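Just so it is clear, the model here is predicted, and its values are computed rather than measured. Below, read A as the first sequence line, B as the second, and so on, with proteins coming before strands; counting in each chain starts at 1.
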2 protein chains.
Amino acid sequence: MTPAGGAPATLRDVAERAGVSMATVSRVLADNYPVAQRTRQRVLRAIKDLDYVANTHARALRGRGTPTVAFVLNDVRGASFASVAHGVEEEAARRGRICLICTTQGDPERELSVVRTMREQGAGAVILIGGVVDDAAYRSQMTAIAHSLDASGSRLVLCGRPPLGEGVPATVVEYDNEGGAYAVVSRLLVQGHRRILFLGAAANGSTTAAGRLAGYRRALADHGVPADDSLVTAAEFSRVDAYDKLSARLRAGRDFTAVCAVTDTVAAGALAALGDHGLRVPEDVSLTGYDDVDPATDLRPQLTTVHVPYEEVGRTAVRLALGLREGEVSAAAQHAVLGTHMVIRDSTAPLARPAPSAG
Amino acid sequence: MTPAGGAPATLRDVAERAGVSMATVSRVLADNYPVAQRTRQRVLRAIKDLDYVANTHARALRGRGTPTVAFVLNDVRGASFASVAHGVEEEAARRGRICLICTTQGDPERELSVVRTMREQGAGAVILIGGVVDDAAYRSQMTAIAHSLDASGSRLVLCGRPPLGEGVPATVVEYDNEGGAYAVVSRLLVQGHRRILFLGAAANGSTTAAGRLAGYRRALADHGVPADDSLVTAAEFSRVDAYDKLSARLRAGRDFTAVCAVTDTVAAGALAALGDHGLRVPEDVSLTGYDDVDPATDLRPQLTTVHVPYEEVGRTAVRLALGLREGEVSAAAQHAVLGTHMVIRDSTAPLARPAPSAG
DNA sequence: CTGTTAGCGCTTTCAG
DNA sequence: CTGAAAGCGCTAACAG
């Protein structure tokens with residue numbers, strides 16, 4: 001064992017101890033070149049004695065890039081993002097890459113700096129997930145990043161975000177936000193609901209919320225129900241904000257018979273608020289979520305929601321990005337849209353009586 | 001913008017374009033040495049034109065290590081581990097380090113290989129979390145790793161695992177597993193329960209489960225209730241396995257009035273199983289969890305559980321490990337035990353009637 | 001203030 | 001089969 005606190009052993013140390021040249025040690029390590037059995041034994045012995053491990057940086061400097069995949073997300077604690085992270089991890093591991101996860105706390109500035117760091121690190125792919133404000137500033141910065149990454153032999157992957165445009169070298173893995181919301185709201189409409197509150201519209205205009213809201217609106221339109229913007233309520237994608245916003249709404253009077261929550265987490269907050277105001281779900285109010293994450297099953301009643309294949313999103317992201325460089329996947333296939341589907345459980349029911357008046 | 005697909009620009013490219021030497025560019029970048037204003041402008045301009053970013057590996061090769069903290073866990077999807085990860089992220093970011101998260105799927109082999117990779121990567125600290133089978137093989141391997149890491153100027157941190165022994169250079173951040181279980185089981189006993197099922201004993205003997213089980217046993221002993229090993233039921237730390245195991249137990253007959261689940265997730269599974277067998281919580285059966293993760297609040301009834309300061313565990317891990325090298329924290333303080341406390345909610349109630357007979 | 005010169009630890013031709 | 005030598009991209013003395 002090496003003495004504590006010292007510098008780590010290097011290839012040269014091993015070579016000296018084994019009485020061979022550095023080249024020979026390197027060959028034993030790589031195992032890609034004939035080395036005499038006896039010599040190999042001595043080298044292996046020296047490696048063990050010195051507790052030697054190769055320095056990744058030196059190695060990376062010689063060949064190109066580290067076998068790394070970077071995954072950038074808002075917060076590891078969100079169940080849906082954690083699932084994507086798991087999918088990324090899985091596929092990256094399968095391909096012998098290690099996965100670097102970084103969080104940004106939803107701060108676009110920090111996202112930029114993290115991506116920069118990842119690029120310096122030489123990641124083979126940089127995967128971004130989470131809705132964003134799709135404004136001009138965002139698009140131009142992302143486009144620049146996409147080109148930068150591309151220029152250094154890496155690849156930008158956008159998950160759950162819209163494509164940047166034709167010529168931009170980026171992979172996009174979307175999932176259907178509008179379709180799922182359309183399905184779930186259609187069902188409420190078929191069940192007789194007319195006053196449906198949309199909870200979780202993003203004040204800033206996050207693309208995820210926007211897509212789901214669009215589905216909600218299209219369903220209403222297709223069923224001939226006039227849109228009422230007073231039913232579209234803003235809330236952050238968090239349990240507590242959803243609780244607060246819906247509670248405030250309820251104190252002002254209930255003018256709806258169903259709530260379409262933008263995520264399962266928001267639905268959890270909504271459920272609590274409804275309960276605290278003495279309203280039963282689904283008898284008094286129907287409730288739907290979106291994401292189908294584990295906790296949705298533990299809510300009582302169990303949540304009718306939309307399943308999003310989050311793990312598959314992660315796996316696909318890695319597969320497309322890495323597959324492109326390795327020639328497995330064509331450039332044309334760099335835009336995937338994964339389907340979502342409604343999962344009917346117990347939080348929705350046909351409207352029993354005509355919509356109540358406010359109060 | 002550089003042409004797509006080309007090699008990334010290097011320091012030399014920048015130097016050439018700016019018409020200066022590489023050293024000058026390096027100085028502009030480091031900003032630790034006087035450079036003429038005009039020259040600096042030209043260099044900055046070239047950097048922008050070429051979209052240059054420094055190669056981390058080359059940089060790391062020169063100076064010591066990368067400013068990286070590695071965090072190794074079983075699965076990002078567990079709410080409690082995700083909280084620790086968040087704490088680690090937070091503290092690492094505060095210290096200007098990036099955080100590398102890797103998962104092992106609970107496989108000790110993979111844990112070893114991941115740690116090895118991290119060491120090659122030159123991480124400033126390697127943080128491991130999650131219960132383990134504390135056998136001789138584990139201890140000797142971990143001890144070797146601790147020394148290896150120490151020898152390369154890094155630090156091993158064990159979270160939620162027991163110390164390895166006196167001379168071993170490792171930081172340990174534990175949280176009180178026994179105390180919390182003791183508190184929660186004591187409460188059940190005070191409420192009159194005598195037949196308390198422990199759900200989630202690990203067949204393999206994970207340290208986390210072992211600690212909590214020890215607390216359960218000590219509480220029984222202190223209250224003069226004879227231990228009955230038929231009440232200790234093995235289950236994995238997962239919702240579905242908990243559901244399955246408890247369901248099987250219930251089909252064979254109910255010979256308990258309370259369930260002490262080893263984690264909140266296990267409690268969620270238990271709650272579902274109880275419900276499906278027509279048992280009400282807490283009227284028919286009391287139920288407790290452990291961890292106090294978010295979903296515990298969404299269970300109905302809300303779960304009586306033990307709060308574990310997971311984020312603080314993560315922050316402490318980073319603080320101790322990095323603080324040691326930077327002289328902020330003493331070597332003596334390298335073992336922290338964080339307290340846990342009971343959170344009383346609605347899933348427990350006094351025993352209404354004498355314990356039922358089996359059936 | 002700026003340029004030249006050694007390497008950091010490793011891989012990889014190219015000669016033995 | 002093995003060794004010597006040339007860098008990968010960058011930084012840090014050391015000279016101008």
Side-chain angles (χ1 to χ4, degrees), chain A residues 2 6-44 46-47 50-67 117 119-123 151-154, chain B residues 2 6-44 46-47 50-67 117 119-123 151-154:
Chain A
T2 46
T10 71
L11 230 205
R12 155 175 272 110
D13 299 335
V14 176
E16 267 172 21
R17 186 175 237 268
V20 297
S21 75
M22 291 167 54
T24 303
V25 178
S26 179
R27 281 170 193 139
V28 171
L29 251 19
D31 197 24
N32 58 357
Y33 218 78
V35 173
Q37 207 37 242
R38 268 179 49 91
T39 317
R40 151 174 272 112
Q41 293 309 331
R42 254 184 311 145
V43 170
L44 255 19
I47 288 177
L50 262 33
D51 191 25
Y52 168 81
V53 278
N55 179 317
T56 320
H57 300 299
R59 194 171 263 176
L61 202 50
R62 208 65 196 71
R64 70 226 175 286
T66 349
T117 310
R119 190 179 151 212
E120 288 180 12
Q121 246 282 329
S152 23
S154 181
Chain B
T2 47
T10 72
L11 230 206
R12 156 175 272 110
D13 299 336
V14 177
E16 267 172 22
R17 185 174 238 269
V20 297
S21 74
M22 290 167 55
T24 302
V25 179
S26 180
R27 280 170 195 138
V28 171
L29 251 18
D31 197 23
N32 57 358
Y33 219 79
V35 173
Q37 207 37 245
R38 267 179 50 90
T39 319
R40 150 174 273 112
Q41 292 311 331
R42 254 185 310 145
V43 171
L44 256 18
I47 287 177
L50 262 33
D51 192 26
Y52 168 81
V53 279
N55 178 318
T56 320
H57 301 299
R59 194 170 264 175
L61 202 50
R62 211 65 198 66
R64 70 231 175 283
T66 351
T117 309
R119 189 178 152 214
E120 289 179 13
Q121 246 282 328
S152 25
S154 181

Participant: Taking distance alone, no hydrogens or angles, what donor-acceptor pairs closer than 3.5 Å link side-chain atoms of residues 26-39 of chain B to residues at least two apart or in another chain?
Facilitator:
unit_1, atom_1, unit_2, atom_2, d
B:D31, OD1, B:R40, NH2, 3.0
B:Q37, OE1, B:Q41, NE2, 3.1

Participant: Which atom names give the shortest non-hydrogen contact between B:R12 and B:M22, and what distance separates them?
Facilitator: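 Taking B:R12 first and B:M22 second, the nearest heavy atoms are CA-CG, 4.0 Å.
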Participant: B:L61 has an atom CG; how far is it from atom P of C:dA6, in whole Å?
Facilitator: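 That distance rounds to 18 Å.
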Participant: Check the distance between C:dC1's P and B:R42's CZ and give it to me in whole angstrom.
Facilitator: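 From B:R42 CZ to C:dC1 P: 14 Å.
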Participant: Could you grab the distance from atom CZ of B:R59 to atom CG of A:L61, nearest 0.5 Å is fine?
Facilitator: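 Atom-to-atom, B:R59:CZ and A:L61:CG are 13.0 Å apart.
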Participant: Separation of B:M22 atom CE from D:dG9 atom P, in whole Å?
Facilitator: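 It works out to 9 Å between those atoms.
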Participant: For the pair made of CD in B:Q41 and C1' in C:dT2, what is the distance, rounded to whole Å?
Facilitator: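 One finds 17 Å between C1' of C:dT2 and CD of B:Q41, rounded.
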Participant: Looking at every non-hydrogen atom in both residues, tell me the closest pair between A:R42 and A:A18 and how far apart they are.
Facilitator: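 In this case the closest contact between A:R42 and A:A18 is NH1-O, 2.8 Å.
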Participant: Using whole Å, report how far CG of B:N55 lies from P of C:dG9.
Facilitator: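 Answer to the nearest Å: 16 Å.
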Participant: Rounding to a whole Å, what distance do you find between B:E16:CD and D:dG9:P?
Facilitator: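 Whole-Å distance recorded here is 12 Å.
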Participant: So A:S26, base contact, sugar-phosphate only, or nothing? Heavy-atom distance under 4.0 Å.
Facilitator: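 Here A:S26 touches the bases of the nucleic acid.
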Participant: Give the rounded distance in Å between these two atoms: CG of A:L11 and P of C:dG7.
Facilitator: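 Spelled out: CG on A:L11 to P on C:dG7 is 18 Å.
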Participant: At what distance, to the nearest 0.5 angstrom, does OG1 of B:T24 lie from CG of B:L11?
Facilitator: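 Atom-to-atom, B:T24:OG1 and B:L11:CG are 10.0 Å apart.
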Participant: Does B:T24 put a side-chain nitrogen or oxygen below 4.0 Å from OP1 or OP2 of C:dG3?
Facilitator: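 Yes, such a contact exists.
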Participant: Respond yes when some side-chain nitrogen or oxygen of B:R59 is under 4.0 Å from OP1 or OP2 of D:dG9, and no when none is.
Facilitator: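 Answer no for this pair, as no side-chain N or O of B:R59 is under 4.0 Å from OP1 or OP2.
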Participant: Answer whether the closest heavy-atom distance between the side chains of A:V20 and A:V25 falls below 4.5 Å.
Facilitator: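 Yes, at least one pair of side-chain atoms sits under 4.5 Å.
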Participant: Going by heavy atoms closer than 4.0 Å, what residues in residues 27-37 of chain B are next to DNA chain C?
Facilitator: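 Residues of residues 27-37 of chain B that come under 4.0 Å of DNA chain C are, in numerical order, B:R27, B:Y33, B:P34, B:V35, B:A36.
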Participant: Just the rounded figure in Å: distance from P of C:dC10 to CZ of A:R62.
Facilitator: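 Those two atoms, CZ and P, are 13 Å apart.
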Participant: Can you name the nearest heavy-atom pair linking B:T10 to B:Y52, along with the distance?
Facilitator: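 Looking at all heavy atoms of both residues, the shortest contact is C-CE1, 3.5 Å.
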Participant: Looking at C:dA6, C:dT2, C:dT11, which one has an atom nearest to any side-chain atom of B:T39?
Facilitator: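 Output: C:dT2.
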